Amino acid sequence: MSTPSAAEQRLRLRTELRRAREAAGLTQRQVADEMEWSPSKLLRIESGEVGVSVNDLRPLLAAYGITDRRLIETLLDLARGSRKMPYAEYRDVFSKEFLQFLALEASASHCRYFNSVLLPRLLQTEEYARAVAVSYVGGKLNESHERMLEAQLSRQELLQGEDGPQVQVVLDEAVLHRQVGGRRVMRAQLLRIAELCEHPRVTVGIIPYTVGAHPGMQGPFTLFEFAGQEMPDSLHLENLRGEFTSTPLPADTPRFLELFWQLEDLSIKQDVGELVQRLAQRIDEGADDLAVLLQE
């Protein structure tokens, strides 16, 4: 069996620590006072925003009354393994919530993306991504923006090689017509989508205009599924900064999974690569509606 990723180990550790504190009948405030920590430190550890050092974990487990040596060693190993999170070098330009999103994406066995406005970042070409970034900042990108763009493009390494997550994408047809960066950039982006439709681990569905109003119009979301039983599925919603943050309500995750399946049922899934490729060829002519192509 492969070694669990740092994100998986951190998520399991935070779950075990929260369970241990509740079993001991202690509040976060009581534990923080006992450990002489600020309440926010324990809150960040239990939320998975930060790791916990081995030196801090030993007295914490003692405060919870944990004496089982095997369990203690297991939790210490989880703490050691969760210290080095992916994309940690970008912590000066991304929020902790978004860094956690990136770590979970890198650990997932199945990634599901829905968007009705823009392409998911995992599918964007560099020029498309740059055009989106420029529109967000309202001008020239500075060094921090360039590093964000660099991190975004490096996420596409998940699509390289045979190993990696299964990726399911559902898009509203509007995404294909919004000419981000102009016709030339958009044409190249559409050809990239057509190419990805041939990828063995990628499926793309498109909800045509003819469907009319649909529940996905509420906004973009991402779902991550993990191999094994210890990592629960996670739901992420996009905020105004274009970052994805985890939902605080676990009950929402299965509801959004059902929503994704519903949107997938509404989408065109056959011959999507061919349709998008023909759309790319017509983009300069203005006759680029999917409805026109489907009638031929």
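For clarity, every value in this text was computed on a predicted model and none was experimentally measured.
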Salt bridge present between E46 and R21 (N-O < 4.0 angstrom):
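Salt bridge flag = yes for R21 with E46.
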For E146, check salt bridge (charged side-chain N to carboxylate O under 4.0 Å, His left out) against everything at least two apart and list the hits.
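Expected list: R130.
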List for me each residue that meets salt bridge (charged side-chain N to carboxylate O under 4.0 Å, His left out) alongside R255, sequence neighbours excluded, and say none if there are none.
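R255: salt bridge (charged side-chain N to carboxylate O under 4.0 Å, His left out) contacts with D252.
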Which residues share a side-chain contact (heavy atoms from CB on, under 4.5 Å) with [X], sequence neighbours left out:
X    : result
A131 : V180
V211 : I207, P208, H214, L266
E16  : R12, R19, L75

Minimum side-chain heavy-atom gap T203-C197 below 4.5 Å:
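T203 does not reach C197 side chain to side chain.
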Per the side-chain hydrogen bond (donor to acceptor under 3.5 Å, both in side chains) rule, what does the pair list look like for residues 263-273, sequence neighbours excluded?
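For residues 263-273: Q168-E264.
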Return yes if a side-chain donor-acceptor contact under 3.5 Å exists between Q189 and Q124, otherwise no.
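Result is no, nothing qualifies.
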Quick one: ring-ring contact (aromatic ring centres under 6.0 Å, His included) partners of Y128, sequence neighbours excluded?
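Here no residue qualifies.
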Just jot down the ring-ring contact (aromatic ring centres under 6.0 Å, His included) partners of F224, sequence neighbours excluded, or say none.
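F101, H236.
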Taking salt bridge (charged side-chain N to carboxylate O under 4.0 Å, His left out) as the cut-off, I'd like each qualifying pair that reaches into [range], sequence neighbours left out, listed once.
range            : answer
residues 211-223 : none
residues 100-119 : E105-R155, R112-E225
residues 24-40   : none
residues 58-68   : none

